[in-house]
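Below is one structure, written out as structure tokens; the observations come after it.
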2 protein chains.
Amino acid sequence: MAGMKKTKLSASLEDYLEAIYNLAGDSNITRSRDIAGQLGVSRASVTGALRALKDKNLVHYKPYNYISLTESGRIAAAEIANKHDILKSFFIDVLGEKSAIAQSAACKAEHALGPEIIARLLSFIEFVNHNSENGRNLVEEFRKFCGTKRNKRKVEK
Amino acid sequence: MAGMKKTKLSASLEDYLEAIYNLAGDSNITRSRDIAGQLGVSRASVTGALRALKDKNLVHYKPYNYISLTESGRIAAAEIANKHDILKSFFIDVLGEKSAIAQSAACKAEHALGPEIIARLLSFIEFVNHNSENGRNLVEEFRKFCGTKRNKRKVEK
DNA sequence: TGACAAAGTTAGGCGTAACTAACTATATTA
DNA sequence: TAATATAGTTAGTTACGCCTAACTTTGTCA
């Protein structure tokens, strides 16, 4: 087939890949420093991740050079980023979560939940959105539903 | 306050704690071997986990003895198991996932998603369930919604 | 009661993923 | 162009979570 075997990425490598994808934008180049900043890790950690991603043919990487995604890297990253965005907007728009928390949860969700659940969850989100446009506004109703419960119980931390 | 500072547990330690909780049942005792079996890890790994849990005062553990949960261990485990069950039934009853997959996803979900999202998600599940009993059967509708989309796209792996 | 099996632990190793500190390469600019 | 600042790498450490192999403890039963 067209694509070669997708070597499964660890949670952390997916994060790196997505960060590169977001940082690189149209130019498709970015730098180690920026990746480190984006992910809040040390520059040394980025170097390590870049080596791993290069091994998997996902990035073009030469020490001291700009970093860019390979074709398969871009495809993989786009897929990750897409699911990520859907989850994030579910967390924000439906569940009403704050952006920053939604962001980091979306990052981790996929690895944790696995492809089957994610696929189903994405469908479900689509369903909720679809309903909220064409039928009953579930999001609105959920908000009200939450309102009626507030103060009835303590949210413990 | 009543409880001492909850030292945050790693994903894996929570899994051990929950396994002990489930295995111990009313008797509140279990054995290393059974924990290993339940989680599919080696006996040696269980020993390591038990030491960590004992350090955090969550289990009574003495080498070569039966294992039981402390009071705070039981409280922590019950909380984990409860959220776990809610998530699992959402995955199964709403999303339509298979039991085994739902099980493992529920295990990991909490660590990954974090307490805020989980709390909101639990509310949302409650909302969906509430609706499916008292109002429109959202679960049914979601199933249909999925049906209309099947065959329109490829689910890639 | 002593041999054996089962249960449990210890020791040592592996992979991942992060860190700091120190080094090297590159870029800027006086 | 030489000094310096910035970027990037290397080496070494730590922590976690798992493994296997070998050892110890405990319980059973002939």
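Order of the sequence lines sets the chain letters (A, B, ...), proteins ahead of strands, with each chain counted from 1.
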Q: Output yes when a side-chain donor or acceptor of B/Ser89 lies under 3.5 Å from a complementary backbone atom of B/Asp85, and no otherwise.
A: yes
Q) Could you give all pairs that pass the ring-ring contact (aromatic ring centres under 6.0 Å, His included) test and reach residues 39-86 of chain B, with sequence neighbours left out? A) none
Q. Between the main-chain N or O of B/Asn57 and the side-chain N or O of B/Ser72, is there a donor-acceptor pair closer than 3.5 Å?
A. yes
Q. How close or far is atom P of D/dG17 from atom CG of B/Leu53, stated in whole angstroms?
A. 10 Å
Identify each atom pair where a protein N or O and an N or O of nucleotides 19-23 of chain D are less than 3.5 Å apart, giving names and distance.
from	atom 1	to	atom 2	distance (Å)
D/dC19	OP2	B/Ser42	N	2.7
D/dC19	OP2	B/Ser42	OG	3.0
D/dC19	OP2	B/Ser45	OG	2.6

Q. Listed in order of residue number, which residues of residues 23-35 of chain A have a non-hydrogen atom at under 4.0 Å from DNA chain C?
A. none
Q: Measure the spacing between CD1 of A/Ile80 and CG of A/Asp15 and express it to the nearest 0.5 Å.
A: 8.5 Å
Q. Hey, what do you get for CD1 (B/Ile125) to CG (B/Leu87), rounding to the nearest 0.5 Å?
A. 5.0 Å
Q.
Tell me the interatomic distance from A/Leu13, atom CG, to C/dT16, atom P, rounded to whole angstroms.
A. 9 Å
Q | Phosphate OP1/OP2 of D/dC18 contacted by B/Ser12 side-chain N/O (<4.0 Å) | A | yes
Q: Could you pull out all residues at least two apart from A/Arg31 that satisfy side chain to side chain donor-acceptor pair (under 3.5 Å)?
A: none
Q) Tell me the salt bridge (charged side-chain N to carboxylate O under 4.0 Å, His left out) pairs involving residues 38-50 of chain A, sequence neighbours left out? A) none
Q) Under 4.0 Å between a side-chain N or O of A/Arg51 and OP1 or OP2 of D/dT9? A) no
Q: Find which nucleotide of DNA chain C each of B/Ile67 and A/Asn65 is nearest to by heavy atoms, and output the residue with the more 5' nucleotide.
A: B/Ile67
Q) Reckon B/Tyr61 has a side-chain N or O less than 4.0 Å from the OP1 or OP2 of C/dT9? A) yes
(Q) Just to verify, what does B/Glu71 make a side chain to side chain donor-acceptor pair (under 3.5 Å) with, not counting sequence neighbours? (A) B/Arg74
Q) What is the distance, rounded to the nearest whole Å, between atom CG of B/Asp15 and atom P of D/dG17? A) 10 Å
Q.
Restricting to side chain to side chain donor-acceptor pair (under 3.5 Å), what partner residues turn up for A/Ser132, sequence neighbours left out?
A. none
Q: Under the side chain to side chain donor-acceptor pair (under 3.5 Å) rule, collect the residues that match up with A/Arg136, sequence neighbours excluded.
A: A/Glu141, B/Asn131
Could you pull out every donor-acceptor pair under 3.5 Å between side chains of residues 102-114 of chain B and any protein atom, sequence neighbours left out?
from	atom 1	to	atom 2	distance (Å)
B/Gln103	OE1	B/Lys88	NZ	2.8
B/His111	ND1	B/Glu14	OE1	3.3
B/His111	NE2	B/Ala11	O	3.4
B/His111	NE2	B/Cys107	O	3.1

Q) Can you name the residues that form a ring pair (Phe, Tyr, Trp, His ring centres under 6.0 Å) with A/Phe90, not counting sequence neighbours? A) B/Phe124
Q: Rounded to 10°, tell me the angle between the two end axes of the helix from C/dT1-D/dA30 to C/dA30-D/dT1, each built from five pairs.
A: 20°
(Q) I want to check something: taking the side chain as every heavy atom from C-beta on, are B/Leu58 and B/Leu69 in contact at a cut-off of under 4.5 Å? (A) no
Is there any protein nitrogen or oxygen under 3.5 Å from a nitrogen or oxygen in nucleotides 12-14 of chain D, and what are the pairs?
none

